[in-house]
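As the structure is a prediction and not an experimental result, all values here were calculated from the model. Just so it is clear, the values below take in all heavy atoms, side chains as well, and ignore hydrogens, waters and symmetry mates.
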Amino acid sequence: MTTRPNQAAPRVLPLALAAAFPLLVWWCASFYFLGDTGKYSDDWSINYRAFGSQGFALDGHPFERWNYFWRPLHLVLTCGGQTLFWEMGWVLHALNALAHGAVAWLVWRFAREIGVGPRCAAASALLVLVHPAVYEVVNWTSTISTAIATAALIGLWRRTAAWATNARSWHGWRSVWWLGPAVFGIACFYEQQAGAACLLPLLYWTLGELDPDRPRREVRLQRAAMIGVGPAAACVLYVVLMVSTAPRHLRGGEGSFGTLGEIAVRFRDGLRTCSEWLWGERAWSFARGGLEQGGAALTDVGPFQGWAPGVYGGVLMGLLIVAASVWFAGWWRVHASEEPSEPADRRVRYGLVAIGMIVFTSLSIAISLLPSAAATKVLPQPRLMYFPVVCLAVALGAVITAVVRAMGASRSEAVAHRLGPVLVVGVLLGCVVHVGAQDAFRRRSRADFDLLAQLRALMPDPPEGATFVPVSLQHRPVRTSSVRFNTAAPSAANLPWAAWAWVRQGYQRRDLLSTNFRPALASPFAAVDGKGFRYVSRWGGARGAVPAGGWRVRWDESIPFVVDASGKARLVRTIEFAGVPGRDNEPTLRIEIPIVVKAIEGGRLDADRVVDHTVGPARR
């Protein structure tokens with residue numbers, strides 16, 4: 001009786017280290033800086049604390065800005081989170097990291113439940129944790145709804161798998177009545193995954209091959225139809241509510257949808273972008289930059305400023321390598337019987353399941369991209385690649401398991417022993433990439449806060465209703481050999497839906513605005529004349545829809561500024577335009593900025609803290 005504990009005792013440490021490997025991977029890839037990765041994009045504009053007090057600005061609540069039926073649960077979660085934890089951003093980043101880890105765990109559970117071997121299931125979950133395309137959902141707190149909706153959908157996959165693989169778990173309408181409300185809830189977080197839920201009948205039919213006591217084909221068809229009713233009805237209801245309540249010009253309104261031809265072109269482009277992010281140029285380019293930035297971040301002080309450079313990163317990576325070695329030793333010892341070697345008919349049946357999973361995940365990816373293809377103002381951004389990464393991981397696990405089972409024990413072991421080192425090394429490199437991604441977001445956010453501090457020092461008390469105008473932003477806090485990585489987290493001043501809120505948050509004043517700077521444009525100004533210019537982007541929730549021709553901004557209410565490559569900001573005293581449309585006889589236009597000139601004349605601004613600036617031809 002005393003031998004079994006003694007025999008088991010030596011295995012406790014290796015098992016603990018092996019279990020620690022995925023946890024350490026999750027920590028490095030999601031929470032290396034303990035949540036200190038800052039604000040980004042929409043984060044700036046969805047804080048509803050009243051400036052200068054501990055109260056809330058209820059007159060501008062989210063359902064006033066989005067006064068139609070659009071992602072209500074997403075709005076409550078993200079706006080409520082930023083409002084409650086504005087000064088405790090690590091809490092929001094911790095929630096993102098936990099949601100991402102939950103998705104990876106659910107992928108592993110689902111893979112095992114549909115017959116994927118233990119090694120392939122582990123590889124699928126690790127792929128989700130470290131794939132380059134998941135960086136935006138991991139680091140941007142306002143995208144937590146994407147991870148939550150994905151986790152909920154995988155939960156529906158697991159329930160469907162139980163119905164398909166165990167006929168005794170089916171109880172007719174009692175089993176499926178809740179699917180409609182569940183999918184409607186998913187849509188209220190994020191529409192992308194709700195559309196993919198309509199494919200649950202296909203998943204049920206595909207996985208039915210795994211049940212040796214599966215019912216007759218007619219019964220399976222009837223059950224598949226019952227499974228599909230709720231999700232389809234939920235999606236139709238959500239779309240009807242959104243379209244019928246949305247203003248025409250906003251996303252979801254009648255005017256936001258393209259023609260069938262435009263949708264087809266955008267859908268094709270979205271599929272191309274998706275493939276580039278899943279296994280193509282975009283993923284490799286981002287990974288290259290992430291490795292460079294991550295390597296530098298690991299040798300820095302990390303989140304503990306009092307520590308010597310490289311200590312935190314060295315200790316964490318050392319633990320990760322040790323845990324990876326122990327985990328890989330377990331991978332090596334897994335016998336082929338654990339990647340089940342079964343009768344030929346069973347292997348053929350699972351081969352059919354693998355083919356079905358390829359079809360199911362491919363269609364799921366396609367349907368998930370349809371909302372962005374239908375809406376003319378929505379681009380296939382990296383956050384939309386999160387769910388396709390999950391589909392890719394599941395499909396790969398199923399296909400590799402089917403191939404391994406078809407090979408036989410000896411050949412499958414040889415393949416597994418060759419793939420194991422590749423997997424471990426790839427996961428370790430993926431951790432470095434995501435450490436670099438977190439560092440990039442952290443540096444970008446700190447640069448934005450630093451720029452706000454400089455603007456407050458230059459212009460501590462702007463006139464009421466003033467508009468800040470970024471004329472040139474040359475500072476790049478991240479400089480790797482990958483342009484895609486360097487621009488993955490643009491400044492708040494680059495984004496029209498963030499710039500105005502960024503200035504308001506910095507000055508704690510609701511009357512201020514800011515235009516945004518787009519590096520691709522020769523001039524940030526349109527329709528320039530001696531009195532002002534037009535701003536053609538939207539001001540988010542600050543003013544509503546963009547009028548025809550854009551917003552008119554007067555020079556006497558403008559505060560232009562530039563930022564050089566070192567990150568130093570200066571106000572612009574004089575702007576000279578070379579080549580102004582409509583001024584053929586006098587093509588050069590020189591504008592003195594009244595607010596800046598008055599600050600200099602009043603002794604509130606030193607002359608060495610301002611510049612004269614020349615811009616390219618103004619746009620019509």
Can any side-chain N or O of [X] pair as donor or acceptor with the backbone N or O of [Y] at less than 3.5 Å?
X: Arg49; Y: Leu84; answer: yes
X: Ser482; Y: Phe485; answer: yes
X: Gln454; Y: Ala569; answer: yes
X: Asp36; Y: Phe33; answer: no
X: Trp70; Y: Leu75; answer: no
X: Gln82; Y: Cys79; answer: no
X: Ser45; Y: Ala501; answer: no
X: Thr141; Y: His93; answer: no
X: Arg504; Y: Leu512; answer: yes
X: Gln192; Y: Leu384; answer: yes

Phe63 and His61 aromatic ring geometry - parallel, tilted or perpendicular at 30°/60° bounds: tilted
For [X] versus [Y], what's the shortest heavy-atom pair and its separation?
X: Trp86; Y: Asp43; result: CZ3-O, 3.2 Å
X: Leu369; Y: Gly270; result: CD1-O, 3.8 Å
X: Pro470; Y: Asn516; result: CG-C, 3.9 Å
X: Glu557; Y: Val553; result: OE2-CA, 3.6 Å
X: Pro231; Y: Ala197; result: CB-O, 3.7 Å
X: Gly313; Y: Tyr32; result: CA-OH, 3.2 Å

side-chain contact (heavy atoms from CB on, under 4.5 Å) assessment of Leu319 paired with Trp27: CA-CA 12 Å; Leu319 289 173; Trp27 184 272; over 6 Å; no
Separation of [Y] [atom2] from [X] [atom1] (nearest 0.5 Å):
X: Leu106; Y: Thr150; atom1: CG; atom2: OG1; answer: 10.5 Å
X: Arg159; Y: Leu179; atom1: CZ; atom2: CG; answer: 9.5 Å
X: Met242; Y: Arg71; atom1: CE; atom2: CZ; answer: 9.0 Å
X: Leu451; Y: Leu473; atom1: CG; atom2: CG; answer: 7.0 Å
X: Arg112; Y: Ser124; atom1: CZ; atom2: OG; answer: 11.0 Å
X: Lys39; Y: Ile46; atom1: NZ; atom2: CD1; answer: 9.0 Å

Lys/Arg-Asp/Glu bridge criterion (N-O < 4.0 Å) met for Arg266, Asp269: no
N-O pairing of Asp450 and Arg443 below 4.0 Å: no
Side chains of [X] and [Y], heavy atoms from C-beta outward: is any pair under 4.5 Å?
X: Leu200; Y: Trp157; answer: yes
X: Phe184; Y: Leu241; answer: yes
X: Ser244; Y: Tyr68; answer: no
X: His131; Y: Trp279; answer: no
X: Val128; Y: Trp105; answer: no
X: Trp551; Y: Ser537; answer: no
X: Cys235; Y: Val183; answer: yes
X: Cys274; Y: Met385; answer: yes

is_close_aromatic(His100, Tyr386), centroid dist under 6.0 Å: yes
Ring-ring centroid check Phe387 Trp277, cutoff 6.0 Å: no
With Phe468, the ring-ring contact (aromatic ring centres under 6.0 Å, His included) member among Phe517, Tyr507, Tyr535, Trp502: Tyr507
Steps toward side-chain contact (heavy atoms from CB on, under 4.5 Å) verdict (Asn96, Asn139): CA-CA 7 Å; Asn96 270 55; Asn139 293 295; over 6 Å; no
From CA spacing to verdict: side-chain contact (heavy atoms from CB on, under 4.5 Å), Arg109, Glu113: CA-CA 6 Å; Arg109 290 289 300 162; Glu113 289 163 357; 3.4 Å; yes
Worked verdict on Ser445 versus Phe441 for side-chain contact (heavy atoms from CB on, under 4.5 Å): CA-CA 6 Å; Ser445 179; Phe441 274 76; over 6 Å; no
Qualifying residue for side chain to side chain donor-acceptor pair (under 3.5 Å) with Asp439, from His434, Gln293, Arg444: Gln293
Option from Leu24, Val435, Val432 for which side-chain contact (heavy atoms from CB on, under 4.5 Å) with Met317 holds: Val432
side-chain contact (heavy atoms from CB on, under 4.5 Å), paired with Pro462, selected from Thr467, Val503, Ile559: Ile559
Trp284, CH2 atom: more than 12 neighbouring heavy atoms under 6.0 Å: no
Enclosure of Trp90 CH2 (heavy-atom neighbours >12, cutoff 6.0 Å): no
